[in-house]
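Down below is the structure, laid out as structure tokens.
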2 protein chains.
Amino acid sequence: MSVLIVDDEERDRLWLKGLLTSRLEGPLTIYEAHDGQEAVDAAMKYKPQLVFLDIKMPKLSGIKAAEQILSKLPETGVVILSNFSDEVYVRQLWKVVPPNGVFGYVLKNASDDQVAEAAKAVLSGDCWIHPGIARVIQRTQNRATNLTAAEYEALVCIALGLTDHEIATRLYLTEKAVQSRLKALYAKLGIPGRGESPDVDFNQRCRAVYLSNRRGLINQSELEEWESRLLASRTTAGS
Amino acid sequence: MSVLIVDDEERDRLWLKGLLTSRLEGPLTIYEAHDGQEAVDAAMKYKPQLVFLDIKMPKLSGIKAAEQILSKLPETGVVILSNFSDEVYVRQLWKVVPPNGVFGYVLKNASDDQVAEAAKAVLSGDCWIHPGIARVIQRTQNRATNLTAAEYEALVCIALGLTDHEIATRLYLTEKAVQSRLKALYAKLGIPGRGESPDVDFNQRCRAVYLSNRRGLINQSELEEWESRLLASRTTAGS
DNA sequence: GATAAATTCAGGGTTTTCCCTGAATTTGGG
DNA sequence: CCCAAATTCAGGGAAAACCCTGAATTTATC
């Protein structure tokens with residue numbers, strides 16, 4: 001039995017290592033990595049049955065590392081360790097894991113029992129998803145509330161503070177098209193239009209950002225990545 | 001020597017307990033509490049020299065707990081443990097700690113050495129602030145960039161998605177006054193006006209929210225508290 | 001391939017946000 | 001008490017965001 005533990009924080013690595021050592025029966029080999037890049041390299045080298053991946057890591061996020069590992073070694077059991085129940089990450093993970101692949105999704109405030117359970121489940125071919133995220137997953141698959149890629153794109157743009165016109169330019173669309181996307185987005189988020197609400201009048205744009213943050217559809221660190229990408233493309237390949 | 005450790009996560013409590021036991025010389029008594037309310041009670045009862053407080057806790061936040069403890073026992077050394085370098089919290093803490101009071105501010109990704117250092121510093125009457133927050137503190141005291149209470153209030157409102165008109169109603173102001181506040185806010189955040197920017201056109205409202213999040217002036221959980229308060233006041237004391 | 005759904009785009013109208021100037025008022029120190 | 005700074009408020013104007021309807025296209029799905 002071999003396990004790869006990937007986390008940039010020593011404290012968490014120690015905790016996991018201790019936990020797995022005491023809870024998993026049989027001989028156990030543990031490898032460690034400190035970031036996504038190391039994780040991919042180590043996985044290639046040692047081909048562990050199980051990989052524990054922190055989401056927030058320098059160089060390569062846990063999700064991206066999982067993607068690369070699974071593309072080479074689809075048999076690997078992946079367990080994601082996350083601090084939040086962010087819908088963004090669940091969405092991304094969903095795309096990355098092969099249809100018949102196995103994965104676990106554990107929040108960092110999980111009990112030791114839960115982590116051990118998740119590890120065992122994934123090893124024996126089952127998925128294990130933290131209770132409380134089940135809800136998020138459901139939403140991820142629900143047509144009515146699940147955002148399309150287009151809507152998500154628009155969401156990120158307004159969250160960064162772009163105007164309709166800027167968004168249109170950047171995405172090669174008309175302003176009207178952008179407004180269409182936004183309208184659909186507001187509807188899915190359940191934001192009332194002007195005068196549609198009994199007691200509170202909202203600025204839909206800002207309200208959409210707020211609610212999306214609340215639901216974990218977007219979060220600050222994701223946005224910051226998007227920003228650097230969007231602004232870079234402008235400076236580099238300027239018109 | 002007595003220390004009170006307050007954190008709702010067992011893992012972190014254990015970590016801190018082990019750390020302090022091994023690093024602090026002399027006989028050591030450690031008390032524990034799981035939330036802000038318990039913390040205040042325990043502090044009253046045991047009068048520890050040092051209190052370690054997590055910021056995010058059920059019932060009473062670390063800051064508020066610190067406020068109550070310091071109002072009764074101003075001699076207590078308070079060390080805040082936070083996951084982020086959020087400016088909101090530093091601002092709040094600044095107000096709560098008496099002018100001659102002692103406090104520490106440690107990020108949770110701090111090394112064991114740093115935590116031990118912070119504990120010793122506070123015990124011997126010095127403040128200890130995590131490197132990287134120094135910058136935030138400076139900004140907190142800088143006239144030009146530091147937000148006034150009025151601007152902060154406006155910021156929270158737009159971040160929640162309220163319109164100018166709604167804000168005016170809620171704060172008993174004119175729409176024009178609200179716009180004044182917002183204008184000042186945008187200026188302090190350094191957001192370019194229409195056409196003032198060479199390459200990107202921003203929706204100032206959303207941009208302000210984004211940048212404030214980035215700088216830690218506001219954050220999601222704070223906003224959610226504000227929301228429940230603002231919406232409650234409407235339903236309860238209507239008109 | 002046909003149906004349904006999502007997406008783009010248009011025209012034209014209303015409201016909101018943002019801009020500029022400027023004055024009365026409040027606030028905090030010296 | 002007075003100055004300087006912050007704050008509130010006003011009027012009027014330009015731009016952006018939102019609303020409605022409706023049609024042509026693309027995209028999935030059966």
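Lettering follows sequence order; numbering is per chain, from 1.
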Please tell me if the side chains of [X] and [Y] come closer than 4.5 Å, counting only heavy atoms from C-beta onward.
X      : Y      : answer
B:V200 : A:R170 : yes
A:C157 : A:L160 : no
A:L53  : A:L81  : no

In whole angstrom, what separates [X]'s [atom1] from [N]'s [atom2]?
X      : N      : atom1 : atom2 : answer
B:F202 : C:dC18 : CZ    : P     : 14 Å
B:I158 : C:dT16 : CD1   : P     : 17 Å
B:I167 : C:dT16 : CD1   : C1'   : 12 Å
B:R207 : D:dA17 : CZ    : C1'   : 19 Å
A:L173 : D:dT25 : CG    : C1'   : 14 Å
B:I191 : C:dC18 : CD1   : C1'   : 12 Å
B:Q179 : C:dT16 : CD    : C1'   : 9 Å
A:L162 : D:dA15 : CG    : P     : 20 Å

For [N], does either OP1 or OP2 sit under 4.0 Å from a side-chain N or O belonging to [X]?
X      : N      : value
A:Q204 : C:dT16 : no
B:T163 : C:dT15 : no
A:R181 : C:dT8  : yes

Side chains of residues 174-185 of chain A: which donor-acceptor partners sit under 3.5 Å, not counting sequence neighbours?
residue, atom, partner, partner atom, Å
A:Q179, NE2, A:D164, OD2, 3.2
A:R181, NH1, A:A150, O, 3.4
A:R181, NH1, A:E153, OE1, 2.9

Please report the C-alpha distance between B:Y210 and A:E227 in whole Å, then the side-chain angles of each, then the deciding distance to 0.1 Å, and finally whether the side chain to side chain donor-acceptor pair (under 3.5 Å) criterion is met. CA-CA 11 Å; B:Y210 171 71; A:E227 178 175 41; 2.7 Å; yes

By nearest atom, which of the nucleotides C:dT8, D:dC18, C:dC18 is closest to the B:L182 side chain? C:dC18

One would report the end-axis bend of the helix from C:dG1-D:dC30 to C:dT16-D:dA15, five pairs per end and rounded to 10 degrees, as 30°

Tell me the closest heavy-atom pair linking B:G104 and B:V122, and the distance in Å. N-CG2, 3.8 Å

Heavy-atom nearest nucleotide on DNA chain C for B:K183 versus B:R205: which residue maps closer to 5'?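 Going by which nucleotide is closer to the 5' end, it is B:R205.
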
Donor-acceptor pairs are to be reported for all side-chain atoms of residues 65-74 of chain A against protein atoms at under 3.5 Å, with residues two or more places apart or in another chain.
residue, atom, partner, partner atom, Å
A:S71, OG, A:Q68, O, 2.8

5' precedence on DNA chain D between B:D201 and B:E175 (nearest-nucleotide basis):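 Nearest-nucleotide comparison on DNA chain D picks B:E175.
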
If you find the nucleotide of DNA chain D closest to B:T174 and the one closest to B:N203, which residue's nucleotide is nearer the 5' end?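 Mapping each residue to its closest nucleotide by heavy atoms, the 5'-most match is B:T174.
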
Polar pair under 3.5 Å, donor/acceptor by atom type, side chain A:K176, base D:dG22: no

